[in-house]
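Every chain is numbered from 1, with letters handed out A, B, ... down the list of sequences.
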Protein chains: 2
Amino acid sequence: MSEPAFDPYSRTCPSRGLLNEIGEQWTILVVGALAGGPRRFKDLTERVDGISFKMLTQTLRALERDGLVTRTQYAEIPPRVEYELTATGHDLVGPLRALEDWATSHMAGVLEAHERADRESA
Amino acid sequence: MSEPAFDPYSRTCPSRGLLNEIGEQWTILVVGALAGGPRRFKDLTERVDGISFKMLTQTLRALERDGLVTRTQYAEIPPRVEYELTATGHDLVGPLRALEDWATSHMAGVLEAHERADRESA
């Protein structure tokens, strides 16, 4: 057994930056929106309610650069462009969904905790 | 079966903000550092290499406010303060660890993808 090559607890390890990027809310939601198969830009703006064109463009470019998403342009009239998860991107769906599930199932308790904290500090 | 009460794909749902907070790199690493049991502030600064006192304080306060971490002060000389995950916080350990595992196991491929992208755009 060799030592793990990457360790986000070390400040110089690039995995710390990767972790931060994939934990970003837009990344989580866009990867989740692509989990079911290829999607067009417009589909993604509809599924990820409230994302701006600029933020969606930035998020998709970062995911393409990381090798998690491919962008395919079809020679049709009008031209069609589709975004799709790569195998590496698909591997991320499960962990991100677990995070979503945690957030939605514990949201009520977290809101109660906020109210308690606000009462105590009032 | 009732509809899910919270949905991070909706822009007005508080779970979107919660998702963003728990996906933040310092949150991921601090929760991971607390996974094994109670820790003192100093232990955490050592485990999460490079975190500033200010950032660790902010991260712990946010986690306390969310009800994910408790802060206990022991009446000793010198006073001892320990941070510990609540049950809700412990539920988050598995999902965050899955995210860490994804990041460390795919880091090499992501770095290769960056090199490819930089060559293509050069």
Side-chain angles (χ1 to χ4, degrees), chain A residues 4-29 32-33 47-51 61 64-68 86-89 91-92 94-114 116-118 121, chain B residues 4-29 32-33 47-51 61 64-68 86-89 91-92 94-114 116-118 121:
Chain A
F6 297 105
D7 174 12
Y9 290 88
S10 163
R11 79 177 85 185
T12 55
C13 185
S15 66
R16 184 179 283 187
L18 181 61
L19 205 52
N20 200 44
E21 186 195 325
I22 59 176
E24 210 268 331
Q25 67 175 7
W26 300 124
T27 309
I28 298 174
L29 298 172
R47 174 68 179 128
V48 184
D49 179 38
I51 194 168
R61 279 198 192 142
E64 274 182 81
R65 184 175 143 78
D66 292 339
L68 306 186
T86 63
T88 307
D91 280 352
L92 185 53
L96 290 184
R97 193 151 285 166
L99 215 55
E100 277 183 24
D101 289 346
W102 180 90
T104 53
S105 64
H106 289 87
M107 191 69 240
V110 168
L111 290 175
E112 282 168 25
H114 287 180
R116 254 194 322 273
D118 291 348
S121 68
Chain B
F6 297 105
D7 174 13
Y9 290 88
S10 163
R11 80 176 84 183
T12 55
C13 185
S15 65
R16 184 179 284 187
L18 180 60
L19 204 52
N20 200 44
E21 186 195 325
I22 59 176
E24 209 268 333
Q25 66 175 6
W26 299 123
T27 308
I28 297 173
L29 299 172
R47 175 68 180 129
V48 184
D49 179 37
I51 194 168
R61 280 198 191 143
E64 273 182 81
R65 183 174 145 76
D66 293 338
L68 306 187
T86 63
T88 307
D91 280 352
L92 186 53
L96 291 185
R97 192 152 286 165
L99 215 56
E100 276 183 24
D101 289 347
W102 180 90
T104 52
S105 64
H106 289 87
M107 191 69 240
V110 169
L111 290 174
E112 282 169 25
H114 287 179
R116 255 193 323 272
D118 292 348
S121 68

Legend entry - Contacting moiety of A/Ile22, where chain B heavy atoms sit under 4.5 Å: side chain
Inset, instruction - For chain A, find which of B/Gly17, B/Ser121, B/Ala108 contributes the most heavy-atom pairs closer than 4.5 angstrom. - result: B/Ala108
Inset, instruction - Check whether any side-chain heavy atom of A/Glu100 lies under 4.5 Å from a side-chain heavy atom of B/Asp7, and answer yes or no. - result: no
Inset, instruction - May I ask you to decide if B/Glu24's main-chain N or O and A/Asn20's side chain share a donor-acceptor pair within less than 3.5 Å? - result: no
Inset, instruction - Run through A/Val48, A/Leu29, A/Leu99 and flag the one making a side chain to side chain contact (heavy atoms under 4.5 Å, CB included) with B/Pro8. - result: A/Leu29
Inset, instruction - Could you grab the distance from atom CG of B/Asp66 to atom NE2 of A/His106, nearest 0.5 Å is fine? - result: 12.0 Å
Inset, instruction - Enter the distance from A/Glu21:CD to B/Gln25:CD here, rounded to the nearest 0.5 Å. - result: 11.5 Å
Legend entry - Interatomic distance, B/Thr104 atom OG1 to A/Arg16 atom CZ [nearest 0.5 angstrom]: 13.5 Å
Inset, instruction - Search all heavy atoms of B/Ala103 against all heavy atoms of A/Leu19 and return the closest pair with its distance. - result: CB-CD1, 3.9 Å
Legend entry - Contact origin within A/Ala98 toward chain B - heavy atom pairs under 4.5 Å: both
Legend entry - Pairs of heavy atoms under 4.5 Å with chain B: top-ranked of A/Gly23, A/Gly67, A/Gly32: A/Gly23
Inset, instruction - Kindly compute the distance separating OG1 (B/Thr88) from CH2 (A/Trp102), expressed to the nearest 0.5 Å. - result: 7.0 Å
Inset, instruction - Provide the closest heavy-atom pair for B/Arg65 versus A/Ala117 in the form atom of the first, atom of the second, distance. - result: CG-CB, 4.1 Å
Inset, instruction - Heavy-atom pairs under 4.5 Å with chain B are the metric here; pick the option from A/Leu111, A/Val110, A/Leu92 that has the most. - result: A/Leu92
Inset, instruction - Please determine, among B/Gly109, B/Ser10, B/Ala33, the option with the most heavy-atom pairs under 4.5 Å with chain A. - result: B/Ser10
Legend entry - Most chain B-contacting option - heavy-atom pairs closer than 4.5 Å, from A/Pro14, A/Gly94, A/Cys13: A/Pro14
Legend entry - Distance in Å, B/Asp91 CG paired with A/Ser105 OG, rounded so as to fall on 0.5 Å steps: 7.5 Å
Inset, instruction - Against chain A, label B/Ala113 side chain, backbone, both or neither, depending on which of its atoms sit under 4.5 Å from a heavy atom there. - result: both
